[in-house]
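Here the structure is a predicted model, which is why all the values come from computation and not from measurement. The figures here come from the full heavy-atom set of this structure, side chains too, leaving out hydrogens, waters and symmetry mates. Start at 1 and go down the list; that is how both ligands and their atoms are numbered.
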Amino acid sequence: MSEYDQIVKILRQHGERITIQRRLVIEALLATHAHMTVNDVNEHIQEKKDVHSLAEPTIYRILQWLKELELVSQTDMAESGIVYQIIGAHKHHHLVCLNCGVSIDVADTLFDDMRERLAREHGFHARIDHMAIYGYCSDCASEDS
Ligand SMILES: [Zn+2]
Ligand SMILES: [Zn+2]
């Protein structure tokens, strides 16, 4: 089953309808598997000559809908803006340097202890989909001291 079919299956299980607009946004996110801003999604859709373009507020609403269904993550990546991404098998997070802007990928297992502790101590089910942690990279931190 393709990734698109899997997503459609989940949406149907939630009783959601797949409109043309929704399909276009999901396909755009799956086509790149990268971080995408609303504008990136829009550009990707416009590249297809056979379809009508979508208004950015429509794209934004669809992304929020997918986020609520836990299919898409929304992350503020500082200089890169707010980015969206399908929450797939390659779950990861970022360390973003406030000085030089470098972004370092970190594994999701980094948050295992935190998730476990939040559940144990607060009964809280943390949803850490795609996180950006701000700070200073090793180069910039050593420059500073
Ligand atoms: Zn990422
Ligand atoms: Zn840096």
Within a radius below 2.8 Å of the Zn ion (ligand 1), how many protein N, O or S atoms are present?
-> 4

Are the side chains of Arg115 and Asp108 in touch, meaning some heavy atoms are under 4.5 Å apart?
-> yes

For the residue pair Met77 and Val96, establish whether any side-chain heavy-atom pair is separated by less than 4.5 Å.
-> yes

Heavy-atom donor-acceptor pair, Asn42 side chain to Asn39 backbone, under 3.5 Å = no

Any side-chain donor-acceptor pair under 3.5 Å between Asp112 and Thr109?
-> no

Is it true that Glu27 and Arg23 have a side-chain N and a carboxylate O under 4.0 angstrom from each other?
-> yes

In this structure, are over 12 heavy atoms from other groups packed under 6.0 Å from Asp105 atom CG?
-> yes

Count the heavy atoms belonging to other residues, nucleotides or ligands that lie under 6.0 Å from CZ of Arg120, then report whether that count exceeds 12.
-> yes

Only distances under 3.5 Å count here; give the side-chain donor-acceptor pairs of residues 129-138 to other protein atoms, sequence neighbours excluded, each with its distance to 0.1 Å.
from, atom 1, to, atom 2, distance (Å)
Asp129, OD1, Arg127, NE, 3.3
Asp129, OD2, Arg127, NE, 2.8
Asp129, OD2, Arg127, NH2, 2.9
His130, ND1, Thr75, OG1, 2.7
His130, NE2, His35, NE2, 3.1
His130, NE2, Gln85, OE1, 3.3
His130, NE2, His92, NE2, 3.3
His130, NE2, His94, NE2, 3.2
Tyr134, OH, Asp76, O, 2.3
Tyr134, OH, Ala78, N, 3.2

Could you list the residues that satisfy ring-ring contact (aromatic ring centres under 6.0 Å, His included) with Tyr4, not counting sequence neighbours?
-> none

What protein atoms of element N, O or S are positioned under 2.8 Å from the Zn ion (ligand 2)?
-> Cys97 SG, Cys100 SG, Cys137 SG, Cys140 SG

